[in-house]
Each structure stands twice: as structure tokens, then as C-alpha cells.
There are 2 protein chains.
Amino acid sequence: MQHKLCCMQETMNTVPGRTTEKAAGKTVEETALLDRVRKLVLGGDFPPGAPLSEVFLAQEFEVSRTPIREALKQLQHEGLVEIRPKVGTFVREPTRREIVELFQLKESFEGLAASLLARRGYVPELEILERNVAESERAAEDQDADGYARLVHEFHWTIIRGADNRKLAEHYERLMNQLAYHRLVVRTVEHPGRILASTGEHRAVLTMIQNKDPFGAESAMRNHVYASSKEALSDNRPRYGGSTN
Amino acid sequence: MQHKLCCMQETMNTVPGRTTEKAAGKTVEETALLDRVRKLVLGGDFPPGAPLSEVFLAQEFEVSRTPIREALKQLQHEGLVEIRPKVGTFVREPTRREIVELFQLKESFEGLAASLLARRGYVPELEILERNVAESERAAEDQDADGYARLVHEFHWTIIRGADNRKLAEHYERLMNQLAYHRLVVRTVEHPGRILASTGEHRAVLTMIQNKDPFGAESAMRNHVYASSKEALSDNRPRYGGSTN
DNA sequence: TTACAGTCTCTACCATGCAACAAACCATAG
DNA sequence: CTATGGTTTGTTGCATGGTAGAGACTGTAA
């Protein structure tokens, strides 16, 4: 049950603040185009099942079909679209079941990350987390939902980065991309009561990490993710109310 | 810490017995080509860092550069090659650190799978596992290393499938693809002593699952994966002795 | 009305030409 | 000998035309 440990440097942020920064193995243009297409799909203008033909996207973004094709393959693989060979590409509707599955994975990933972080010696992430949780508590008091959501996002990513396991970060990023569709719809999953509980859970996780207690940290984090995903799944099933453009 | 639960149907097996079966969203030709290129890379004829030019592969496999390009993107993303934009594609050497990171993830994934499986009601996987472990014990007595390796492979995949979480299976498959390079080199990681211990650990995992004890199952599985990966990482650092062709 | 067969259209898939970039090479000057 | 600049070569990246497959449609017959 013990873990060896190992390094890591950069990870992209998830959708909300996704800056067009270069990903490894892709040119900047490729990344930019990918982001534009992803935004289009996530924007909600296309309902699930809507076709995304290569030619349409090509003239929409004023490039040839080839780079579009590559971007679509990437998105397929992120789970946002479905490619039916020889037929076409379609916006994919994540089923409720898939969301549940992804949340199970999220719990596992973040638990691992917390555990790995707690196992490390001194790391600058600890101070960042301390500040983050303090700010979260203030934001919760002030009922600042947007600020709170941003801080939560930062909290989780800081722990992932702090785990110092690049492969974990890669898988986590994939996961979050797949959840992004859902997250855009049920934007602020946390209602006031939940925010209070959530803040407490963040504090608990941080304390365990500060105590260098990997088991406690993992446990606390899993509890937190479980609670928060149960909340997210509670009643608000994914609804896609975008115009069909 | 409780888990909801959820289904799953087909997963491809990992490298050794990788049959050219159709993957979702790809034509059979695409999958076949991908497998051929993957085999070429994994075959060891190209040392890490060796260039894999599109034109070369294109005439090697008698197709155009376009499908080759797509296959390479897929392999990049499996971690087997590195694409340097505008420069070329190169066989990638997984660092020791990456292997460690991957094993950490493996532990987490399989722990989750065991836990989810233990949580389910009656499932046919249980009988398969029972037979599998029994056969493993016989193979261990008979010093049948090859048979044992095959059974171990089956054991782990059966649990992943039994977890009934398709997204988990997808991520696990990616992970195992990334580990495949390493696994080809240190083929049979288990020496006789380790095999004995390993068999016992399998039995322990199975018992916990039969007892419907998710925590115990997760714990036992993580212990097992940890022990087995420590063994794999012990001294045999990846060596690439293939001819340069 | 329904079932089925033939056709027809729309789509991805693949091939190939062209352009632009990166890096290796060589020559020249300090 | 070293450093620097220009040239040359090899590679990907993008555009576009042809092809073949999948699915929709229509008409016909039961």
C-alpha cells in the first residue's frame, strides 16, 4: 500500500480558463484550432446528436478539411464527439451512467493525488493550498459563488499538480475534459448549504496533507469528491437547452 | 467513501494477444494499420529515438501518408512515440520515472476495480476468477511460467471488466498500452519465489471480492499491484537490446 | 399499409502535390 | 580552433480531387 514517488511540471487548465497554450507534440495552430472547435461543441449551440461535418467546420474556421479531421479525432478521444466511420461526426451526449463512471474515477484520481502529495516533503503547493482554502472560506461567507467556484477549481488542480505525477495529471486532464460538458450545464453545482460543507471538507483534506498523513488525506479527499459528485448528480440531470443555430 | 455503481461490454486485450478487432469509431483498416505500426514500434527493431518518418512507414505498409499520420498521432497519445512538430516522429523511451508513475496509477485503477466488483451482486466474473486462480495455483506448482503469465493477465482484465465501469476500462487500457513497452522488455517479471507470493495475493483478492468486502478487496488488490510493480522495478531497468535494423 | 429492392446523394477516407519550417551542413571570417 | 552566417535537404503540415461506403429515398408489389 505504500507508494514510491517521483516529477512533473506543466498542466493545462480545464475548460473555463483554457488559454490557448501549446500542448506537447502539436503546433500552436493545431492547438488553437482544437480549442476553437472544442469551444464550439461545448458552447451548446449544437444539441447532442447534431452532425459536425468536416466541410462545414472547414469553411467555418477557414481551414482545410485535414486539420479539422485531426481536431475531431482528438475530440472523439476526449469523449465530446462520436465519429461513425464513413458516416460523420456527431456531438455526443454523455449518458448519466458515464457521468457516474467518471465521478468514480475522479474520486480515485484525486484520492491518489492527495495521498501522493501528503507523502512528499515540503512543497510550495502547501502554501498555495493554505491561501486557497482561506480565500474559499472568505468567499463562502461572502456568498461569492463565482469566486468560490474558481477557488475550488484551483484547489483540485493544485493538489493534482502537487502529486508530482505527470501521468496522473494527464489522465486527470482527460477525465476533466470528458466531464467538462456536464460541468458547463450544471455550472454551479454547489448551493449555499453544500458550499459550507464543501469548505469544511477542503479544510479537512488540507489538514491531513499538512499532517503528512497519506491515508487520511486520501480518505478525506475521496469523501469530499464523493459528496460533491453526489450533489452534482442529485437532481439536475444534464439538460441541453442551447439554440440549434 | 461509498461508491455508486453502474456496465460495460467489450475491451481489447493488451499487447500480447492483441487481435485486430475493431475499436469504436475507427474502420477496420485503420485499426489494422494502427496495430501493425504499434507492433513495429514495440517489436524493438527501432531503438528509442529512432525516427519514424511518414514516407518510410507509408511505403513500408503500402498506404498513403495520411492514415500513417493518424496512426502516429494515436501512438503518440499512447506514449509510444514522440512527435516533434515540423520535425518528425521518434520512438520514445519511457523513463524509469514514468514507469513508476504508471504503476502508481495502475495500483489505483485496479484497487478501484476490485472495490467496484466486490460491491456488485452476483456476477459471472466471480466464477471465471475462481477458475482462474485455481489454474494459476496449478501453473505455479508446475513452474509453467508462460501459462502463469497468461493467467495473471486474464485475472487482472477480468476484474477490470467485472468492475462494470467502461470509462475505467478505457483509462486502464491506455495505461497498459503505455506500460506495454516496458512489459515487453522485462517479459516475465515474476521469478519462482515471487510467483508463489503473487498466487497467494490473487487468492486474497478473490476472497475479499467473494466476501463482498469492497475495502478489503481494494486494499488487497493495491497491495498486490504494489508488490508486483516493486518487483518489476527492482533491478531490471529497461534495456533495449534490439537490432537497429 | 407495410415490406422490400433499387437508386441516389452525402459523407468520410485516402492519395498526392505544394509550401513552409527546422535542423544539419558547409564555408568563411575572426 | 571557434563562431557565425547562408544554403541545402529532409521533414511535416495543409489543400484538394477522386473513390467508395453508408444511409435515405422512392417506387413497387404484396
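Small disclaimer: the values here were computed from a predicted structure and weren't measured. In what follows, every chain begins at residue 1, and chains take the letters A, B, ... in the order their sequences are listed.
In terms of phosphate contacts, A:R69 brings a side-chain nitrogen or oxygen within less than 4.0 Å of OP1 or OP2 of C:dC13. The phosphate of D:dT12 (OP1 or OP2) has no side-chain N or O of B:R84 nearer than 4.0 angstrom.
Ranking D:dA15, D:dC14, C:dA15 by closeness to the B:R65 side chain, first place goes to D:dC14. Closest contact between the side chain of B:K86 and the listed nucleotides C:dC21, C:dC13, C:dA15 involves C:dC21. Side chain of B:S64, nearest nucleotide from D:dC14, C:dT16, D:dA22: C:dT16. Listed nucleotides D:dT12, D:dA15, C:dC14 differ in distance to B:S53; the shortest reach to its side chain belongs to D:dT12. Of the candidates C:dT16, D:dC14, D:dA15, the closest approach to any side-chain atom of B:T66 belongs to C:dT16. Distance from the side chain of A:V63 is smallest to D:dA15 among C:dC13, D:dA15, C:dC14.
The CD-C1' distance, from B:E29 to D:dT19, rounds to 13 Å in whole Å. Protein atom CD1 of B:I83 is 7 Å distant from nucleotide atom P of D:dG13, rounded to whole Å. Between the CD atom of A:E70 and the P atom of C:dA12 there is a distance of 15 Å, given to the nearest Å. Summarising the geometry, the separation between CG on A:L33 and P on D:dG13 is reported as 14 Å, rounded to the nearest angstrom. Here C:dC13 presents its P atom at 6 Å from NZ of A:K73, a figure rounded to the nearest Å. Between A:E30 atom CD and C:dA20 atom P the separation is 17 Å, expressed in whole Å. To the nearest angstrom, P of C:dC18 lies 18 Å from CD of B:E54. Rounded to whole angstrom, the span from the CZ atom of A:F90 across to the P atom of D:dA22 amounts to 14 Å.
Using bins of under 30°, 30° to 60° and over 60° for the plane-to-plane angle, the ring pair B:F109/B:H171 lands in the tilted bin.
Of the candidates A:T31, A:T27, A:L33, A:T27 is the only one forming a side chain to side chain contact (heavy atoms under 4.5 Å, CB included) with A:E29.
Listed by first and then second residue, the side-chain hydrogen bond (donor to acceptor under 3.5 Å, both in side chains) pairs involving residues 49-60 of chain A are A:E54-A:R69 (not counting sequence neighbours).
With hydrogens and angles left out, the side-chain atoms of B:K167 and A:Q178 include a donor and acceptor closer than 3.5 Å.
Of the charged side-chain nitrogens involved, at least one lies within less than 4.0 Å of a carboxylate oxygen, so that A:E70 and B:K73 count as a salt-bridged pair.
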